[in-house]
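First up is the structure itself, then whatever we jot down about it.
Below, all heavy atoms of this structure are taken into account, side chains as well, without hydrogens, waters or symmetry copies. Within every chain, numbering begins at 1; the chains are lettered A, B, ... in the order of the sequence lines, protein sequences first and strands thereafter.
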Amino acid sequence: MPYTLRVYDTLTKTKQVFRPVTPGRVGIYLCGPTVYDKAHIGHMVGPVIFDAIKRYLVYCGYQVTWVVNITDVDDKLIQKAKQRGISMAQVAQENTEDYLANLRGLGVDQIDQMPKATEHIEEIVRFIQDLIDRGFAYHSDGDVFFDVAKDVNYGKLSNRSADSQQGEGGEAAVKKRSPGDFALWKAAKPDEPAWDSPWGPGRPGWHIECSAMSRRILGKTFDIHGGGLDLVFPHHENEIAQSECCHGQPMVNYWMHNGLMRAGAGGKMGGRGEREAPQATIDTKISRSKGAGGLADLIAEHGGHTLRFFLLRTHYRSTIVFGPEGLAEATTALEAFTRYFERYERITGQSFYDVTPVQRRQDGDQRTDSDGSPHELLAEVARRRDAYLAKMDDDFNTGAAISELFELLRSLNKFIDQHDLDDPAAREQDLLRTLQRATVTLRELTWLLGLFCSAPDDQAAAQDSFVEPLLALLVDLRTQSRQRKDFATADQIRQRLSELGITLEDRKDGTVWRLP
RNA sequence: GGCGCCGUGGCCAAGUGGCUUAAGGCAGCGGAUUGCAAAUCCGCCAUCGGGGGUUCGAAUCCCCCCGGCGCCUCCA
């Protein structure tokens, strides 16, 4: 391969050349949600970036298996179920459905498997028994704990020493040998959901499900393990401890952690509604305790494309400040693309969304004109494409790659301007063909990020109603005024529409209108 | 207290030793285009929190300071 993929690895704190365990194949495990409450935008950072990463790896020719787990048994789920007087399974199901719907809303459609902890209890029990047999875990009055002191490598991911850990206090602490020990299995209290085990009825502790399920699906050593930065400790640290002590081999070759999201000044995570307290901005961290839950509203209000673009605009390891200003800017920036799509369709008669993207990476592809000679535009486009790919190769720098998208857009618009393709009379077949071929690359590169994959349906409402014929009428009247040089009337129509948020653009091939 | 991150133009944001004479976006200004607009194109708009050091060369490495933030307890 003429290119080299580099991935930042949290364990070594360096960018590493990417080499899969099995040539040609990649296994990715991303820590999904514990489904005790509705999803919020912060939960989507990982899924969106990994969705783009999977697309990219597939584009580069890898056969990728991407797993996102659902943790559907946990103290918080139990607590929630009690509060609401429903079963834990119901709580889990509701919130899982909410999570899935939001993933769809953001165009995350590359996940291959979404295993649930409760469906892997046997595997989990087996895993725990193995750890006990190997002397890394101990049974204590119905609970099973991982014995941190037995793991000489404990703390390597988060750079902590085992004995400096406080561990959770409370009643469990009494049963532990050391405060840093963590539960693999928790004995069931009355009224709690429980499964049989060699240690009595109980349920898995947090962490163990990921070790068990990743092994089951991806193997003892797999390529990429992802999650939010907040999971480095204790979750991933404990996963490594469990898996590596159990298997005696590395669990993961590349640990990838996305940055966390923060609410910007005045930002509200849930979309509508007042903030709970005037002081809410003091705690700018986005946490589930802040009464999030309006992600569906957020998607409905701003559109999945915009949110996805907003997330991809910032490097995945950085903190993303989420707020209305950033969202508004993303919306504006994105409109340049949709305007191009409309322009492209007017000129070629083909919808951008119907353009078939190139699905496989081909660096340095020399595209030529129909007569076989290299075309200036196509050469320029190929350069942009290579620059884009180089940025993606460098730890999936989507923000930098997006800058090439804007450059590409400029090249395309410039070509149209230079050849006056807005004028139907100037539309020679060769020029149109070149434009179409160049646009394939824009399609290819936006597709890779999962942007503009399908036509937005937000205009559908307007088209179903009176809006379209009404606007057609006004535009016709205005066009007639302009032909009569009655600009006062024409401008009045445009002005009044503008006050309604409707923009008119007079182009060589007619007047087009745009809703707010 | 321990571990770690960040501070780039008015705002957002790439870049982390020379190939960047600091990408891209938003906003702004000037021009082309337009009946006028809108859109589009062209041009303009930063020496990288402060100080010191290493180096032939630093936004990029080291030290100190100032200012933000995260984790160490549940969190994507």
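- Taking the C1' atom of each, B/rA23 and B/rU8 are spaced 12 Å apart, rounded to whole Å.
- The separation of B/rA22 from B/rG9, taken at their P atoms, amounts to 14 Å, rounded to a whole angstrom.
- With rounding to whole Å, A/Leu157 atom CG is found 14 Å from B/rC72 atom P.
- Atom CG in A/Asn95 sits roughly 16 Å away from atom C1' in B/rC74 (whole-Å rounding).
- Looking at A/Asp72 and A/Lys116, no side-chain N of the basic residue comes within less than 4.0 Å of a carboxylate O on the acidic one, giving no salt bridge.
- A/Arg443 forms a cation-pi arrangement with A/Phe352, by the criterion of a distance under 6.0 Å to the ring centre and an angle within 45° of the ring axis.
- Residues A/Gly226 and A/Lys508 each lie close to RNA chain B; by heavy-atom proximity, the contact nearer the 5' end of the strand is made by A/Lys508.
- Using P as the reference atom, B/rG52 and B/rC69 are 28 Å apart when rounded to the nearest Å.
- Look at B/rG57: it lacks any Watson-Crick or wobble partner with both distances under 3.5 angstrom.
- Under the Watson-Crick or G-U wobble criterion, with both distances below 3.5 Å, B/rC45 is left unpaired in every strand shown.
- Base-pair partner of B/rU40: B/rA32 (Watson-Crick or G-U wobble, both distances under 3.5 Å).
- If A/Phe309 and A/Arg482 are placed on RNA chain B by their nearest nucleotide, the residue sitting closer to the 5' end is A/Phe309.
- Counting to the nearest Å, the C1' atom of B/rA13 and the CZ atom of A/Phe322 are 17 Å from each other.
- Interatomic distance, SG of A/Cys210 versus NE2 of A/His225, reported as 5.5 Å (0.5 Å rounding).
- Pairing partner, B/rG9: none, since no Watson-Crick or wobble contact has both distances short of 3.5 Å.
- Stacking annotation: A/Phe487 is stacked on the base of B/rG35 (ring centroids less than 5.5 angstrom apart, interplanar angle below 30 degrees).
- Here the CG atom belonging to A/Asn238 is positioned 8.0 Å from the CZ atom belonging to A/Phe146, to the nearest 0.5 angstrom.
- Taking atom CD of A/Glu237 as the reference point, atom P of B/rC3 lies 15 Å away to the nearest angstrom.
- If you take CZ of A/Phe233 and P of B/rC72, they are 8 Å apart, rounded to a whole angstrom.
- The CG atom of A/Asp230 sits 13 Å away from the C1' atom of B/rU73 (whole-angstrom rounding).
- You won't find any donor-acceptor pair under 3.5 Å spanning the side chain of A/Asn159 and the base of B/rG4, going by distance alone.
- With a cut-off of 3.5 Å on both pairing distances, B/rU21 has no Watson-Crick or G-U wobble partner at all.
- With salt bridges taken as basic N to acidic carboxylate O contacts below 4.0 Å, one links A/Asp394 and A/Lys15.
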List the steps and the verdict of side-chain contact (heavy atoms from CB on, under 4.5 Å) for A/Met261 and A/Leu311. CA-CA 10 Å; A/Met261 190 173 267; A/Leu311 296 178; 3.3 Å; yes
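- Judged by atom type and distance alone, A/Lys76 reaches the base of B/rC74 through a side-chain donor-acceptor pair under 3.5 Å.
- Note on A/Gly326: nothing from the nucleic acid sits closer than 4.0 angstrom, heavy atoms only.
- Between the side chain of A/Asp506 and the base of B/rC36 there is at least one donor-acceptor pair of N/O atoms closer than 3.5 Å.
- Rounded to an integer number of Å, the gap from A/Gln418 CD to B/rU33 P is 15 Å.
- Across all strands shown, B/rG1 forms a Watson-Crick or G-U wobble pair with B/rC72, both key distances being under 3.5 Å.
- Counting non-hydrogen atoms under 4.0 angstrom, A/Glu404 reaches nothing in the nucleic acid.
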Evaluate the side chain to side chain donor-acceptor pair (under 3.5 Å) criterion for residues A/Tyr36 and A/Asp75: first the C-alpha distance (whole Å), next the side-chain angles of each, then the deciding distance (0.1 Å), finally the verdict. CA-CA 9 Å; A/Tyr36 68 90; A/Asp75 289 352; over 6 Å; no
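- At a cut-off of 3.5 angstrom, counting only N and O atoms as typed in the model, there is no donor on one side facing an acceptor on the other between the side-chain of A/Arg339 and the base of B/rA39.
- A donor and an acceptor atom never sit less than 3.5 Å apart when one is taken from the side chain of A/Arg410 and the other from the base of B/rC41.
- In this structure, A/Glu329 places its CD atom 12 Å from P of B/rA14, rounding to the nearest Å.
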